[in-house]
Number of protein chains: 2
Amino acid sequence: MDDDGDLVFKALADPTRRFLLDLLFARDGRTLTELESELDMSRFGVMKHLRVLEGAGLVVTRRSGREKLHFLNPVPIRLIHDRWIDKYTERQASALAELKTELEND
Amino acid sequence: MDDDGDLVFKALADPTRRFLLDLLFARDGRTLTELESELDMSRFGVMKHLRVLEGAGLVVTRRSGREKLHFLNPVPIRLIHDRWIDKYTERQASALAELKTELEND
DNA sequence: AAGATAGGTGACCAGATGGTCACATGTCAA
DNA sequence: TTGACATGTGACCATCTGGTCACCTATCTT
């Protein structure tokens, strides 16, 4: 019953982790300490979340001295999209999604 | 720290629920009993999962007599995509995702 | 060298989640 | 109208998950 994208979906299931992705989407290459400063949580909590995101491939890291830089990887997100939206219905889904976004900005 | 897409991500976090979406992606309009026959789980378990999917808007239903028909709704999936993939990087993410899929089919 | 800084590990606890069952309601068919 | 069928509810329990802490290692700076 399990599938290979399991880690990705588990990673996305937590609001704190989604917020971390939002932060990295806005600006890449941040350190753990910098990300921690944006959250109301201990450093250990943030570290645990980043580890989950990295394990899922949603975040990739690069060490630079004593710092560890974090980058967003959009590929797993695109794979989710491709799993349940085929190329024929993509136009409709996209249009409806944009409509919903516009309606909410009123 | 919570956000409005919370129900969608929670719904997608479970492999059984993703498999249900796969079944509905292949063919829409199935009843609870029909879906249950595809899973190695009690009817109650399947019902609980379908309720979560419906609450998240990933599945919409229509009653027909004593039956309840289930349909896949792709819009929430598209919204996930749009959250972390902007229109400039979409080409690259899409291309890499296709590449990964092709490589895995060898 | 020594203190400060950035990151890491394992154990631990409260709360959420997945799955089952006994039981109940509404609908079809003979 | 009686029985079979399709779906629904609430309680219950084992397990997973989010978060914290005490303690540790590695790197920079002066």
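Protein chains get the first letters and strands the later ones, always in sequence-line order, with residue 1 at the start of each. Keep in mind it's a predicted model, so treat the numbers as computed, not measured. Computed over heavy atoms, backbone and side chain alike; hydrogens, waters and symmetry mates excluded.
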Whole-Å distance separating the [atom1] atom of [X] from the [atom2] atom of [N]:
{"X": "Leu69(B)", "N": "dA6(D)", "atom1": "CG", "atom2": "P", "result": "13 Å"}
{"X": "Lys48(B)", "N": "dC13(D)", "atom1": "NZ", "atom2": "C1'", "result": "11 Å"}
{"X": "Leu39(A)", "N": "dG18(D)", "atom1": "CG", "atom2": "P", "result": "14 Å"}
{"X": "Asp14(A)", "N": "dC16(D)", "atom1": "CG", "atom2": "C1'", "result": "13 Å"}
{"X": "Met47(A)", "N": "dA22(D)", "atom1": "CE", "atom2": "P", "result": "15 Å"}
{"X": "Leu53(A)", "N": "dG18(D)", "atom1": "CG", "atom2": "P", "result": "11 Å"}
{"X": "Arg43(A)", "N": "dC24(D)", "atom1": "CZ", "atom2": "P", "result": "14 Å"}

When you compare the side chain of [Y] with that of [X], does any pair of heavy atoms fall below 4.5 Å?
{"X": "His49(B)", "Y": "Asp14(B)", "result": "yes"}
{"X": "Leu96(A)", "Y": "Arg78(B)", "result": "no"}
{"X": "Val46(A)", "Y": "Leu39(A)", "result": "yes"}
{"X": "Met41(B)", "Y": "Thr16(B)", "result": "yes"}

With 3.5 Å as the limit, what N/O pairs link the protein to nucleotides 27-30 of chain D?
residue	atom	partner	partner atom	Å
dT27(D)	O2	Arg66(A)	NH1	3.3

Classify Lys10(B) by what it touches in the nucleic acid, base, sugar-phosphate, or nothing, heavy-atom distance under 4.0 Å.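 If one applies the 4.0 Å heavy-atom cut-off, Lys10(B) turns out to touch the sugar-phosphate alone, with no base involved.
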Classify the nucleic acid contact of Met41(A) as base, sugar-phosphate or nothing, counting any heavy atom under 4.0 Å across all strands shown.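 Since only primed, P, OP1 and OP2 atoms lie under 4.0 Å of Met41(A), the category is sugar-phosphate.
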Need two values: the first and the last nucleotide of DNA chain C, 5' to 3', having an atom under 4.0 Å from any heavy-atom of chain B.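 Contact boundaries, 5' end first: dT17(C) to dC28(C).
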Quick check: does any side chain N or O of Arg62(A) sit under 3.5 Å from a backbone N or O of Leu69(A), one acting as donor and the other as acceptor?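 Side chain of Arg62(A) to backbone of Leu69(A): no pair is present.
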Under the 3.5 angstrom rule, does the side chain of Arg30(A) hit a backbone N or O of Leu23(A) as a donor-acceptor pair?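 Such a contact is found between Arg30(A) side chain and Leu23(A) backbone.
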Do Trp84(B) and Leu79(B) land in one hydrophobic cluster if side-chain heavy atoms of ILVMFWY residues count as linked below 4.5 Å?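 No, separate clusters.
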